[in-house]
Structures are given as structure tokens and as C-alpha cells.
2 protein chains.
Amino acid sequence: MSGERELTAKGLATRERIVEYAAAVTRERGAANTRMECVRVAANVSNSQLFHYFPQGKAEMMIAVARYESRTILADQDARLRTTRTWRAWDEWAEALLGHYDENGSRCGLAALLGQLDQDAPEIREVLAGLLESWEQAIAAGIRSMQSARKISPDLDADTTAGTIVTGILGGIVQMTVTGSTNRLRATVRASIATLKAARQ
Amino acid sequence: MSGERELTAKGLATRERIVEYAAAVTRERGAANTRMECVRVAANVSNSQLFHYFPQGKAEMMIAVARYESRTILADQDARLRTTRTWRAWDEWAEALLGHYDENGSRCGLAALLGQLDQDAPEIREVLAGLLESWEQAIAAGIRSMQSARKISPDLDADTTAGTIVTGILGGIVQMTVTGSTNRLRATVRASIATLKAARQ
DNA sequence: GAAATTCTGGCCTGTCAAGTCCAGAATCTG
DNA sequence: CAGATTCTGGACTTGACAGGCCAGAATTTC
């Protein structure tokens with residue numbers, strides 16, 4: 001047993017499985033209301049295992065959950081946005097985003113974590129800040145693709161616009177968790193695309 | 001002692017004072033991390049008083065806090081927006097909003113409550129939904145004032161636009177709590193005003 | 001001045017959940 | 001097979017915090 005962690009492939013797999021179930025519970029109940037006991041039952045592991053893989057306890061686990069959600073969202077968005085060269089692709093991006101929430105009914109891994117920022121967990125804040133940053137970059141890359149394809153004017157500031165779009169999505173998600181309706185998210189995402197189209201070339 | 005509550009003027013004043021301090025503590029530490037003990041000390045009352053005025057305990061108190069914050073925000077926004085007839089007034093509105101957060105450094109009563117939605121408190125959700133609704137209406141009223149003054153085209157849908165503006169503000173506030181910076185809020189509020197100006201008449 | 005209320009302040013209980021500990025079983029790896 | 005790890009499961013400790021209880025003091029109100 002060295003100072004650092006050495007996990008076998010099996011160990012890593014188990015740890016990852018725990019994180020996935022923990023993320024699911026967190027999405028369902030919010031980070032604050034996520035009980036280690038619930039995760040234990042959901043992941044079907046023993047208590048010892050939980051604390052074996054997360055010696056720092058719940059705090060460490062929630063950071064892992066934040067990283068997991070972050071990775072998941074970014075992988076999806078990156079794939080959809082990096083080489084977006086048609087208006088149709090943007091419409092599909094928007095509908096995919098909205099469709100996700102229409103299906104999952106305001107369960108949102110991002111929103112579930114946002115509620116937990118008050119705690120003593122600056123690391124979660126950092127992870128989420130990184131997620132927002134990368135998300136902006138993915139959208140900015142999509143905008144630049146459109147500019148390369150001469151469909152959006154090069155005068156449009158891709159970074160600023162991308163930032164505003166992410167802010168709008170975030171606000172829409174929050175409104176969804178408050179009101180239970182995706183109306184505002186829908187309106188905002190469509191307004192974002194309208195803004196892009198207003199800069200048509 | 002009748003079935004319903006009968007509070008003297010003094011009693012009401014004390015209750016209100018408790019709510020104000022509770023709101024301050026909540027802003028500082030977030031709803032989840034707000035301890036009755038902290039409120040007790042801050043408001044300088046005894047434990048019995050706390051539970052005398054809030055027989056349902058913390059849950060009831062947080063609802064009162066939500067109503068208080070809601071009232072405070074709306075009173076301010078209503079005053080600024082209901083009869084906004086000049087572009088300058090909009091700029092002042094925006095700067096007041098941004099200035100507030102630059103001063104208070106990401107302390108936000110609204111954000112502090114948003115984090116607490118996971119809990120078993122549907123009433124807080126309702127209060128916040130009402131706040132957002134009224135806020136939208138205040139902004140829509142401001143837009144209509146501009147339309148009456150023939151400064152914004154009557155073709156602009158005041159309600160939809162107001163909804164998008166509130167969504168953007170909300171997203172900016174959330175990003176502020178995550179990143180600690182008001183940059184995105186600033187960009188979004190300015191983009192909102194730019195959208196209005198784009199519908200100049 | 002009597003009745004009700006407002007208020008103090010401490011003490012006590014209950015609950016919930018995080019995290020520890022341990023003895024032993026199963027599994028993997030060289 | 002030997003030695004490490006993975007894993008079970010339960011019992012246990014600890015701490016935080018909500019909330020109740022009570023005896024009595026101050027204040028208000030009629």
C-alpha cells in the first residue's frame with residue numbers, strides 16, 4: 001500500500017459505478033438531500049466500499065459526481081457543436097437540448113449541483129465554472145464554424161455571443177426548476193438562434 | 001387565544017425583525033446552511049420567541065424569508081420599470097442592477113433561495129415563481145411604456161421579450177454565484193438592452 | 001391591577017446521517 | 001498456494017441541529 005491510491009481495473013470500475021449511481025441519486029433528490037445510504041443501496045455496494053473508494057466521504061464523492069456530470073454534458077455538446085456548419089444543425093442542437101428536458105422533466109444534473117454551492121466545497125464551484133467555460137468554448141467553436149462557412153458575419157463576436165447563450169440556457173434551466181415548465185428555456189434558446197440568424201451573411 | 005393567530009403590533013414588529021435578520025443570514029450562508037441558532041443570535045431574540053412566531057419551525061421561516069426577499073426585489077424593480085419612458089432610464093436600470101452585485105459581491109437573496117428548492121418546500125418554489133412572473137410583468141410594463149412613447153416598435157412582443165430578459169438575468173446571477181464574476185451578468189443585461197434598441201422606432 | 005402577551009434563557013430530547021470499526025468471505029494475481 | 005485486493009454486513013460512535021419544555025420576568029392592554 002503506497003501513499004497514493006493504486007486501484008485495480010476492477011476497483012476503478014466499481015468506483016465509477018458508484019459515481020454513476022451517486023449522480024443519478026443527486027439528479028433525483030438534489031445534492032443536499034443525497035444520502036450516502038441512498039447511494040449505497042442504489043449502487044448495491046456495502047458501506048465499507050463506499051468509504052473505501054471515497055476516503056474523504058461525501059464531499060469527495062460529490063466532486064466526483066460534478067466531474068462526471070460535467071464530462072457527460074460536455075461530451076454531448078462538443079459532439080454536437082464543434083463542426084456545426086448548417087442552420088439545420090443548430091436547430092437540431094436546440095431541439096435536442098429542449099427534448100432532453102421535456103423527457104427528463106426538469107431533472108438536471110447541473111441544476112442539482114448548483115443548489116449545493118453554499119457548502120464548504122469550492123472544488124465543486126471550480127468544476128462547474130470549468131464546465132461553463134468549456135461549454136462556451138464549444139458554442140463559440142460552433143459559431144466560428146458557421147463563420148468559416150460564410151453563413152454568419154465575421155463581425156459577430158463569437159466568444160461574447162457564446163457567453164450570452166450559455167447564460168441564457170442556465171437561466172432557462174433555473175426557471176425550469178422553479179416553475180416546472182420549459183417554456184422560458186425554449187423561448188431563450190430560440191431567441192439565441194434568432195440572434196445568430198440576425199447576423200446572417 | 002383563538003384558533004387563528006392574533007399578534008399585537010409589537011408582536012408583528014418582532015416577527016418582521018426576525019424575518020429581516022433571517023433573510024440576512026440566508027443571504028450570507030445560503031438557505032441550507034442557515035441555522036436557527038444563527039438567526040436567534042443575529043436577531044437577538046430568545047429561542048422561545050423564534051418558535052413562538054414560527055410554530056412550524058424553520059420551513060415556515062424560510063417561506064417568510066422568500067416572501068420578504070420577493071417583496072424587496074419587486075418593490076425596487078417596479079419602481080424603476082413601470083413608467084420607463086427613456087433609453088436613459090433603461091441604462092440606469094441596468095447599471096443599478098449590476099451595481100448592486102458589484103457592491104454586494106455575489107450575495108443574492110434570490111440565489112440563496114434557489115439552492116433550496118430540492119427540499120420538501122413547494123411553497124418556496126411558488127413564491128419564487130410568483131416573483132419571476134411579477135418581475136417579467138414589470139419589465140413588460142416598462143417595454144410597453146417605451147412603445148407608448150413610440151420609442152420601441154409595437155411589433156416587439158413585450159411579454160416574450162420580458163421573459164427572455166428575466167431568464168438572462170437569472171442565468172447571469174447563477175453564473176455569478178458559480179464563478180464569482182459579474183461579467184456574464186453584465187454582458188447579458190447589456191445584450192438585453194441592445195435587443196430592445198434593435199427594435200427602435 | 002388583572003389578564004394576556006411578549007420575552008428570557010437554559011436545559012433537555014430526539015433524530016438523522018456521516019463516518020468508523022471489525023471479522024470474515026470472495027476474488028484476483030503472481 | 002500465498003498475499004493482496006475487493007467486498008459484505010452489521011454494529012457502533014459522534015456530531016449537528018431542530019425543536020420542546022418550563023419557570024419566571026417584563027410589558028402591554030383593557
Side-chain angles (χ1 to χ4, degrees), chain A residues 1-22 25-26 28-65 115-116 118-121 123-124, chain B residues 1-22 25-26 28-65 115-116 118-121 123-124:
Chain A
M1 195 183 320
S2 75
E4 286 307 307
R5 204 76 70 65
E6 338 169 332
L7 291 180
T8 334
K10 187 181 180 186
L12 278 173
T14 302
R15 195 189 132 110
E16 189 61 14
R17 186 161 52 91
I18 292 173
V19 171
E20 281 167 29
Y21 280 101
V25 174
T26 302
E28 205 63 32
R29 323 190 15 159
N33 288 348
T34 294
R35 311 279 162 245
M36 295 301 267
E37 172 69 11
C38 291
V39 176
R40 198 185 67 69
V41 171
N44 196 34
V45 293
S46 70
N47 207 26
S48 321
Q49 283 305 91
L50 225 48
F51 288 91
H52 172 70
Y53 288 113
F54 302 97
Q56 308 300 319
K58 187 179 173 181
E60 188 180 2
M61 201 180 72
M62 293 313 298
I63 293 168
V65 167
Q116 220 36 26
D118 3 275
Q119 276 201 349
D120 38 12
E123 283 185 78
I124 292 190
Chain B
M1 191 184 322
S2 73
E4 285 308 307
R5 203 78 67 68
E6 335 170 337
L7 291 180
T8 332
K10 186 181 183 189
L12 279 172
T14 303
R15 195 189 130 108
E16 189 60 14
R17 186 162 51 91
I18 293 172
V19 171
E20 281 166 30
Y21 281 100
V25 173
T26 302
E28 205 63 31
R29 324 188 13 157
N33 289 349
T34 293
R35 311 277 161 246
M36 295 302 268
E37 171 71 12
C38 291
V39 176
R40 199 184 68 68
V41 171
N44 196 34
V45 292
S46 68
N47 207 28
S48 321
Q49 284 305 90
L50 225 49
F51 287 91
H52 173 70
Y53 289 113
F54 302 96
Q56 306 302 319
K58 187 179 172 182
E60 188 180 1
M61 201 181 74
M62 293 313 298
I63 292 167
V65 168
Q116 219 37 21
D118 5 274
Q119 276 201 349
D120 38 14
E123 282 185 79
I124 292 188

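Proteins get letters first, then strands, A, B, ... in listed order; numbering begins at 1 in each.
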Just wondering, do [Y] and [X] contact through their side chains at under 4.5 Å, heavy atoms?
X       : Y       : value
B:Met61 : B:Val19 : no
B:Phe51 : B:Met36 : yes
B:Arg35 : B:Asn33 : yes

Could you tell me how far apart [X] ([atom1]) and [N] ([atom2]) are, to the nearest whole angstrom?
X       : N      : atom1 : atom2 : value
B:Arg15 : C:dT5  : CZ    : P     : 17 Å
B:Ile18 : C:dC7  : CD1   : C1'   : 10 Å
B:Glu37 : D:dA16 : CD    : C1'   : 12 Å
A:Arg35 : C:dG19 : CZ    : C1'   : 14 Å
B:Leu50 : C:dG9  : CG    : C1'   : 13 Å
A:Glu60 : C:dG19 : CD    : P     : 10 Å
B:Met36 : D:dC17 : CE    : C1'   : 11 Å
B:Tyr53 : D:dG20 : OH    : P     : 17 Å

Problem set entry | Any N/O donor-acceptor pair, B:Asn47 side-chain to C:dG10 base, under 3.5 Å | no
For this session: Could you tell me whether the side chain of A:Ser46 has a donor or acceptor atom within less than 3.5 Å of a complementary atom in the base of D:dG10?
Result: no
Seminar exercise, completed: DNA chain D nearest-nucleotide lookup for A:Arg40 and B:Ala59: closer to the 5′ end is A:Arg40
Among [options], the nucleotide that comes nearest once only the side chain of [X] is considered:
X       : options               : answer
A:Thr14 : D:dC7, D:dA18, C:dA18 : D:dC7
A:Lys10 : C:dC28, C:dG19, C:dT5 : C:dC28
A:His52 : D:dT5, D:dG19, C:dT6  : D:dT5
B:Gln49 : D:dC7, C:dC7, C:dG19  : C:dC7

Problem set entry | Heavy-atom pair with the smallest gap, counting every atom of A:Arg40 and A:Leu50 | CB-CD2, 3.9 Å
Exercise. Taking OP1 and OP2 of D:dC21, is either one under 4.0 Å from a side-chain nitrogen or oxygen of B:Ser48?
Worked result: no
Exercise. Between A:Arg17 and A:Glu20, is there a side-chain N and carboxylate O pair less than 4.0 Å apart?
Worked result: no
